[in-house]
Amino acid sequence: MSNYLDGNAAAGALSELFAVDLTAAIAQCNGCGNTTVFAESRVYVDAPGTVARCAGCDTVLLRVVTTPTNTYLDLRGLTYLRVPNS
Amino acid sequence: MGIVSPGFTGRRGGGKDLPPGQYLTHEFPVLSAGPTPHILTDHWEFTVTTETGEKYKWDWAALMALPAEEITKDIHCVTRWSKLQTTWKGVSLDTLLADVETGADFAMAHSYGGYTTNLPLDDLLDGQSWIAYEYDGEPLDPEHGGPARLLVPHLYFWKSAKWVRGLVLSDTEDLGFWETAGYHEYGDPWKEQRYAGD
Ligand SMILES: [Zn+2]
């Protein structure tokens, strides 16, 4: 049994931060260069924060931690996010 | 099915077993921020690296050859569950670090799978932490950090790194996986040090 969900599971946490729907964005992994739609990443939510990992190499793409006063966003595992202009 | 009692049901009475903001569970919830590593004991190794770069290594047989302790402790997860009187078997960090020459003040625990968490070295000594390889009389399940995890029960449980593979000792305090993302650098459940600045 897997212990992760797909990238859509991060939609709620990310919608607090971004005006666009990032689950439809194209993401490049900083670990292996894999370039896919963010919704295909593996998201771990049974944890102190939300963690999205590359489906190819398990590199942490993104972390979101919401505290009572702040939201922390770590994107260091992403080379880029590509979002279509609306 | 989860059996969760909100608020106090501490078995030693008075509710003094539960730190502020915690609830009691009889389950053992599995938290994971990544895939579960499956490390064979044949391949397991534990390395302590000092601030001068000196390395001390133990394989599984060497760990098993060290005196083990039976440990009964309450554990407290920052996600607000606490579990009382959990029983473990493991080797005290006092034993592992006895012959390690260091003047370092801080340690970074590193795990198989890439997880890290930072602790003051003093919090790993004086009977406060173990490398635990049995839980409740059974070999530690990979879901719970087996074959061996760090056990530092006086701090929030994210400090008790699952799948531990080493400690890097340092004169300076660096921050680990959750500590760089908003969690408290120390994490004392009795002071409710959940988040940075608490
Ligand atoms: Zn990757």
Side-chain angles (χ1 to χ4, degrees), chain A residues 1-18 22 27 29-34 36 38-79 81, chain B residues 2 20-22 25 27-39 75-82 110-118 141-145 155-163 175-187 189 192-198:
Chain A
M1 198 184 80
S2 67
N3 58 344
Y4 60 84
L5 304 169
D6 72 29
N8 294 303
L14 292 171
S15 69
E16 301 287 320
L17 294 159
F18 294 100
L22 284 191
C29 170
N30 211 9
C32 70
N34 197 19
T36 56
F38 181 77
E40 289 177 13
S41 66
R42 295 177 173 178
V43 173
Y44 296 81
V45 294
D46 293 327
T50 298
V51 177
R53 290 179 182 263
C54 173
C57 75
D58 284 327
T59 286
V60 176
L61 298 175
L62 168 157
R63 301 185 294 163
V64 185
V65 169
T66 305
T67 80
T69 50
N70 293 282
T71 296
Y72 288 74
L73 174 66
D74 171 13
L75 296 168
R76 84 182 82 172
L78 287 165
T79 310
L81 277 170
Chain B
Q22 297 292 108
T25 180
E27 305 294 300
F28 194 166
V30 174
L31 272 71
S32 47
T36 299
H38 290 267
I39 310 299
I75 57 177
H76 310 291
C77 180
V78 75
T79 61
R80 297 184 182 275
W81 57 264
S82 289
H110 289 259
S111 296
Y112 291 100
Y115 181 75
T116 55
T117 188
N118 58 285
D141 195 280
E143 276 195 333
H144 289 301
L155 300 178
Y156 279 125
F157 212 46
W158 89 76
K159 299 285 186 180
S160 293
K162 296 184 190 182
W163 316 297
L175 298 179
F177 184 82
W178 290 120
E179 295 87 353
T180 53
Y183 281 91
H184 197 275
E185 74 271 19
Y186 184 65
E192 217 174 346
Q193 292 171 337
R194 298 178 194 275
Y195 305 108
D198 280 353

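In what follows, chains carry the letters A, B, and so on, assigned in the order in which the sequence lines appear, proteins first and then strands, with residues in each chain numbered from 1.
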Side chain, backbone, both or neither of A:Val60 within contact of chain B (heavy atoms, under 4.5 Å): side chain

Segment of B:Ser32 engaging chain A (4.5 angstrom heavy-atom cut-off): both

Worked check of side-chain hydrogen bond (donor to acceptor under 3.5 Å, both in side chains) between B:Thr116 and B:His110: CA-CA 5 Å; B:Thr116 55; B:His110 289 259; 5.9 Å; no

Check against side chain to side chain contact (heavy atoms under 4.5 Å, CB included), A:Thr67 and B:Tyr183: CA-CA 8 Å; A:Thr67 80; B:Tyr183 281 91; over 6 Å; no

Stepwise side chain to side chain contact (heavy atoms under 4.5 Å, CB included) test for B:Ile75 and B:Ser160: CA-CA 10 Å; B:Ile75 57 177; B:Ser160 293; over 6 Å; no

Leading residue by heavy atom contact count with chain B [cutoff under 4.5 Å; candidates A:Leu73, A:Val45, A:Asp58, A:Asp74]: A:Asp58

Presence of salt bridge, B:Glu185 and B:Lys159, under 4.0 angstrom: no

Heavy-atom proximity to chain B below 4.5 Å, by part of A:Thr71: neither

